[in-house]
Amino acid sequence: MAAHTGGLTETGGRTTVRIENLVRSFGERRVLDGLDLSIAPGEFVALLGRSGSGKSTLLRALARLDHEVAGSGGLTAPDHVSVVFQDARLLPWKRLLDNVVLGLDGPSARERGRAALAEVGLAGRERAWPVELSGGEQQRVSLARSLVREPQLLLADEPFGALDALTRIRMHALLRRLCERHRPSVLLVTHDVDEAIALADRVVVLDRGRIAADLPVDLPAPRRHGSGEYAALRGRLLARLGVDLAEEEDAA
């Protein structure tokens with residue numbers, strides 16, 4: 001595994017991700033405060049938390065993008081990591097296939113890129129420009145670009161936050177299918193409790209840089225909002241996030 005700078009040391013173990021006593025600070029402000037977390041191979045973990053709880057800081061540490069941040073602790077993450085952001089971050093001057101295979105070498109790169117676009121429902125659109133696509137289609141290209149690299153760990157930072165409700169539902173189903181096929185470990189950052197329950201095997205709630213809850217999602221598919229088990233889990237997560245269910249019902 002590649003070394004991680006920024007005050008971190010590599011930890012051992014057979015998990016895809018292992019974090020022990022992780023501390024990350026910006027000046028006098030400690031964002032992650034002795035955090036411990038592990039993610040098993042192929043496991044899908046959703047990360048919830050209020051703004052400023054440290055969710056994006058944790059993702060940046062796992063992606064090795066925070067070398068200038070002060071901190072300490074142990075962190076193990078695989079070498080093959082891909083990141084999907086809230087905006088697709090496609091290069092507007094490159095066609096879709098060129099965006100997907102950006103940085104890939106070898107004679108099979110473009111063939112793999114075409115297969116990845118087909119997987120996300122964009123076969124035949126290889127020569128389209130990003131501006132010709134809807135927001136949902138652009139996120140499909142972003143997923144193809146991430147998964148064509150066959151990552152061991154997929155980090156997703158609110159990838160569907162800017163999409164309309166119907167498109168989000170379709171993207172949820174697509175992401176689950178792709179993850180079942182490629183089997184990366186996944187850490188999804190989201191503010192949406194229902195999205196976390198719909199997608200994850202496990203939901204972690206972050207509060208003031210520490211884990212406030214770590215709950216398995218033992219619900220059969222499809223996960224229906226009306227079931228008692230769903231409502232109970234949703235209520236526990238909202239409570240950990242400081243949301244009063246009575247106030248939420250009044251607001252609705």
Side-chain angles (χ1 to χ4, degrees), residues 1-86 89 146 149-159 161 179 182-193 195-196 199-217 236-237 239-242:
M1 294 182 180
H4 194 306
T5 59
L8 303 185
T9 58
E10 292 284 346
T11 65
R14 296 184 177 181
T15 56
T16 301
V17 170
R18 183 180 296 277
I19 297 170
E20 297 176 353
N21 197 31
L22 182 64
V23 174
R24 307 308 270 164
S25 300
F26 295 90
E28 298 298 318
R29 180 169 173 255
R30 182 172 285 195
V31 180
L32 298 178
D33 188 13
L35 185 142
D36 296 308
L37 178 68
S38 62
I39 301 175
E43 186 178 25
F44 196 127
V45 176
L47 185 63
L48 291 169
R50 287 175 281 191
S51 296
S53 61
K55 302 185 301 299
S56 294
T57 299
L58 176 57
L59 251 69
R60 289 181 64 82
L62 286 169
R64 302 183 178 93
L65 296 174
D66 66 343
H67 303 306
E68 303 304 318
V69 178
S72 61
L75 185 151
T76 291
D79 293 324
H80 299 295
V81 178
S82 289
V83 184
V84 182
F85 299 95
Q86 183 171 350
R89 301 197 179 188
S146 294
R149 289 156 173 79
E150 293 294 341
Q152 296 164 282
L153 174 63
L154 179 65
L155 302 173
D157 194 359
E158 298 189 71
C179 288
H182 292 269
R183 300 304 300 167
S185 298
V186 181
L187 183 61
L188 167 73
V189 166
T190 178
H191 282 96
D192 188 333
V193 171
E195 180 170 84
L199 292 171
D201 304 312
R202 190 169 125 229
V203 181
V204 172
V205 178
L206 202 59
D207 183 29
R208 299 179 184 177
R210 293 190 175 188
I211 292 177
D214 189 340
L215 303 176
V217 184
R236 291 177 67 187
L237 291 170
R240 290 291 188 175
L241 291 165

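Every heavy atom of this structure was used, including side-chain atoms; hydrogens, water molecules and symmetry mates were not.
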Those residues at least two apart in sequence (or on a different chain) that pass side-chain hydrogen bond (donor to acceptor under 3.5 Å, both in side chains) with Arg208 are none
d(Leu48 CG, Glu195 CD) to nearest 0.5 Å is 9.0 Å
Checklist entry - Do Gln152 and Pro41 touch side chain to side chain, with heavy atoms closer than 4.5 Å? => result no
dist His191:NE2 -> Leu241:CG (nearest 0.5 Å) comes out at 9.0 Å
Residues Gly42 and Asp201: closest non-hydrogen pair is O-OD2, 4.2 Å
Original post:
Do the non-hydrogen side-chain atoms of Ile19 and Leu62 ever get within less than 4.5 Å of each other?
Top reply: yes
Here the salt bridge (Lys or Arg N to Asp or Glu O under 4.0 Å) pairs for residues 34-49, sequence neighbours left out, are Glu43-Arg202
In terms of heavy-atom contacts, Gln86 and Gly161 come closest through NE2-C, 3.8 Å
Sorted by chain and number, sequence neighbours left out, side-chain contact (heavy atoms from CB on, under 4.5 Å) with Val83 holds for Ala63, Phe85, Leu155
Residues passing the side-chain contact (heavy atoms from CB on, under 4.5 Å) test with Ser56, sequence neighbours excluded, are Asp157
Take atom NE2 of His80 as the centre, draw a 6.0 Å sphere, and report whether it contains more than 12 heavy atoms from other residues, nucleotides or ligands.
no
Applying side-chain hydrogen bond (donor to acceptor under 3.5 Å, both in side chains) to Arg183 and not counting sequence neighbours gives none
Report yes if the side chains of Val193 and Val203 come closer than 4.5 Å at any heavy-atom pair, otherwise no.
no
Determine, step by step, whether Lys55 and Val204 satisfy the side chain to side chain contact (heavy atoms under 4.5 Å, CB included) criterion, reporting the C-alpha distance in whole Å, the side-chain angles of both residues, the deciding distance to 0.1 Å, and the verdict. CA-CA 10 Å; Lys55 302 185 301 299; Val204 172; over 6 Å; no
So CG of Leu75 and CD of Glu20: to nearest 0.5 Å the spacing works out to 9.5 Å
Scanning both residues in full, the closest heavy-atom pair of Pro151 with Pro184 reads O-CB, 3.4 Å
Rounding to 0.5 Å, atoms CG (Asp79) and CZ (Arg64) come to a distance of 5.5 Å
CG of Asn21 to OG of Ser72, rounded to nearest 0.5 Å, is 6.0 Å
Per side-chain contact (heavy atoms from CB on, under 4.5 Å), Leu187 is matched among Thr16, Val45, Val81 by Val45
Heavy-atom nearest pair, Cys179 first then Phe44, reads SG-CE1, 4.1 Å
All heavy atoms of Leu188 vs all of Pro159, minimum pair found to be CD1-CD, 3.5 Å
- request: Determine, stepwise, if the pair Leu32 / Leu206 fulfils side chain to side chain contact (heavy atoms under 4.5 Å, CB included).
  value: CA-CA 9 Å; Leu32 298 178; Leu206 202 59; 4.2 Å; yes
Q) Between Leu153 and Ser185, is a side chain to side chain contact (heavy atoms under 4.5 Å, CB included) present by the stated rule, with each step listed? A) CA-CA 5 Å; Leu153 174 63; Ser185 298; 4.0 Å; yes
Contacts of Glu150 meeting side-chain contact (heavy atoms from CB on, under 4.5 Å) (sequence neighbours excluded), chain-then-number -> His182
Heavy-atom closest pair (Val31 atom, Gly54 atom, distance to 0.1 Å) is CG1-CA, 3.6 Å
